[in-house]
2 protein chains.
Amino acid sequence: MDAEGEPDDVPATGMVRPGGRTARVRDAVLRAAGDALAEHGFGGLDLADVARRAEVGKTTVYRRWSTPAGLVADLLADMAEQSVPRTDLGSLDADLAANARLVLRTLTDPRQGPLFTSVIAAATCDVRTAEALHRFYEVRVREWAGCVDAAVARGELPAGTDACEVVRAVSAPLYYRLLTGGGALDAAAADRAAAAAAAAARAGVYVS
Amino acid sequence: MDAEGEPDDVPATGMVRPGGRTARVRDAVLRAAGDALAEHGFGGLDLADVARRAEVGKTTVYRRWSTPAGLVADLLADMAEQSVPRTDLGSLDADLAANARLVLRTLTDPRQGPLFTSVIAAATCDVRTAEALHRFYEVRVREWAGCVDAAVARGELPAGTDACEVVRAVSAPLYYRLLTGGGALDAAAADRAAAAAAAAARAGVYVS
DNA sequence: ATCTTAACGGAACCGAAGGTCCATTAAGAT
DNA sequence: ATCTTAATGGACCTTCGGTTCCGTTAAGAT
C-alpha cells in the first residue's frame, strides 16, 4: 500500500501495531467502503461518509487511505485473500459452465455487482488501484485455470493450451455486457460464454 | 440529454438556438472534455478545467452539462455519430481480424485508449451516461454485424447466427484485458480474439 | 503492572469545486 | 435593418471535501 520512498523507510500507519483496534478499524472501514461503493458507485465515494458508516473518526480514514482510490486498492487486496475454491466436475464443459455461472452470480448480485463495476471504475482512475485489481483477477484466474489444465491432461484440449487465457475468455463476454450493455446478464449468456471458450480452446486458439 | 419532467416541456439550454455560437461552444467543450478525460481520467475531470481549455465561461459548462457524467454522456452521443465504416475483405476470418485490429488500435491509441477507459468509468457512475455508452456500442456493433451476416449468406456460418453477439465476442477479450489486466494488448491478442470468435461461431455457439 | 508511543478521533480551519446574479453578445424571427 | 431574447461569461458567494492540530486511548514491549 504505502511504499514511501522516505529516508530509511518510515513505516506506514497501521503497520507497527496491526493488532486489536487497528485491525478492527480496518475491517469496519473496508466493509463500509464496500457498502458505500455498492450504493453510490465510485463517483459518489466520500471518505467522510465511509468514516461515518464505519463509526470511525474521519481523520483516521484520511490518514490511512488518503484517497478514494487508495481505499479501493486496499479493499481489493482484502478481497483477493478471500478466494472462493473452484469446483471440479470432471469435464471441461461442466467446469467452464460452473465458472461462468459463478461469475454471473457475482455480477448480478445486488451487492457484489455494483461493487465490481465500482471497483473497475476506480481502477481506471488510479494506477495503484489498477495494480490491485490486476492482482485480484490474477488470483481468481489462476484458481480456475486448474480445471483447464486438468482437461488438457485428460486429452480434452490440445497440449500447450494457455489455461489462464481460456478462463479469461469465459469471463470476458460477461464483463463486456456488464459494462457496455447489449443484452441481459442471464444464464443463457453465461452458458454461451462457457461454450464459446470451450469451442475456441478445442480449436487450438489458445495454444501458445 | 435534458429530459426535464417540467410542466409543458421547458426547452433545455442550447436547443432553441443551436446554430452559430452555441454549436461552436459545444464543439470546443466536447473536444476539451475528451482531452481532459484522456489526460486525467474520469476521476480527475473538472468542469472548470474543461471550460478553461475550451476558452469558454465556466458558467456555460455548468449550465449546459451540470455534472461530469452529463458532459461525458453528451460526448458519447457525439462520438456515436462519427461511426467508422467497416471493411469487407470477403472472408469471415479476415473481417473479424480486421475488426479486432481496429479495436486494438483504438484501445492502444495514446488518446483514444485513455478516453475509452474514462468513458467506461463514467458510465458506471451515472445511468444516463451508461445509456449513452450502450447506444454508442450498439451503433458500432451493428456496423460490423454486416460482415457476419455476409459470412452466414456465404455459408461460412450456420444460419440463425446472432451477428451482433459474434462482433461483441471479438471485442470482449480486448476490453477485458484493458480493464482487468492480464496480458498485453498486442496484435497477438487481437488475432486470438478474432480467431476465438470465429471458432465459436462456426461451432454454432451463437445460433439463437 | 507499568511505560512508551502508535493510532485514534473531535474541533477548528482552509481552499476550491460548484452555483448565483446580472450585464453583454449575438441567433434567428420580423 | 431592427428587435427580441437565448445564450454566454465575468464577478461574487457559498458549501463542503480534505487537512491540520492536539488531546485521548490502547497496542505491545519491558
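Chain identifiers are assigned alphabetically (A, B, ...) following the order of the sequence lines, protein sequences preceding nucleic acid strands; residue numbering begins at 1 within each chain.
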Q: Would you kindly give the NE2-to-P distance between A/H40 and D/dG17, to the nearest whole Å?
A: 12 Å
Q | Partners meeting ring-ring contact (aromatic ring centres under 6.0 Å, His included) with A/F116 (sequence neighbours left out) | A | A/F136
Q: Report the residues that fulfil salt bridge (Lys or Arg N to Asp or Glu O under 4.0 Å) with B/R52, sequence neighbours left out, ordered by chain and then residue number.
A: B/D49
Q) What's the CZ-C1' distance between A/R64 and D/dT20, to the nearest Å? A) 19 Å
Please report, to 0.1 Å, the donor-acceptor pairs under 3.5 Å made by any side chain of residues 27-39 of chain A, with sequence neighbours excluded.
residue: A/D35; atom: OD1; partner: A/R111; partner atom: NH1; Å: 2.1
residue: A/E39; atom: OE1; partner: A/R53; partner atom: NH2; Å: 3.2
residue: A/E39; atom: OE2; partner: A/R53; partner atom: NH1; Å: 3.3

(Q) Holding to salt bridge (Lys or Arg N to Asp or Glu O under 4.0 Å), I want the full list of residues that pass it with A/D93, two or more places apart in sequence or in another chain. (A) A/R202
Q: Provide, to the nearest angstrom, the distance between the CH2 atom belonging to A/W65 and the P atom belonging to D/dG17.
A: 19 Å
Q. Bend across the helix from C/dA1-D/dT30 to C/dT30-D/dA1, to 10°, with axes taken over 5 pairs at each end?
A. 50°
Q. How would you list, by chain and number, every residue that makes a salt bridge (Lys or Arg N to Asp or Glu O under 4.0 Å) with B/R21, sequence neighbours excluded?
A. none
Q. In residues 30-39 of chain B, what residues come within less than 4.0 Å of DNA chain D, judged by heavy atoms?
A. none
Q) Can you name the residues that form a salt bridge (Lys or Arg N to Asp or Glu O under 4.0 Å) with B/R24, not counting sequence neighbours? A) none
Q. Is B/D74 salt-bridged to B/R26, going by a charged N under 4.0 Å from an acidic O?
A. yes
Q. Could you state the CG-P distance from A/D49 to D/dC16, rounded to the nearest angstrom?
A. 14 Å
Q: Taking side-chain contact (heavy atoms from CB on, under 4.5 Å) as the test, write out the residues that go with B/V207, two or more places apart.
A: B/P158, B/T161
Q.
What does the B/S/- profile of nucleotides 17-27 of chain C look like, 5' to 3', with a 4.0 Å heavy-atom cutoff to protein?
A. SBBBB---BBB
Q.
Test of understanding: with ring-ring contact (aromatic ring centres under 6.0 Å, His included), list the residues that count as partners of B/Y176, not counting sequence neighbours.
A. A/Y175
Atom pairs and distances, side-chain donor-acceptor, residues 164-172 of chain A, under 3.5 Å, sequence neighbours left out:
residue: A/E165; atom: OE1; partner: A/R168; partner atom: NH1; Å: 2.9
residue: A/E165; atom: OE1; partner: B/R177; partner atom: NH2; Å: 3.1
residue: A/E165; atom: OE2; partner: B/R177; partner atom: NH2; Å: 3.3
residue: A/E165; atom: OE2; partner: B/R192; partner atom: NH1; Å: 3.3

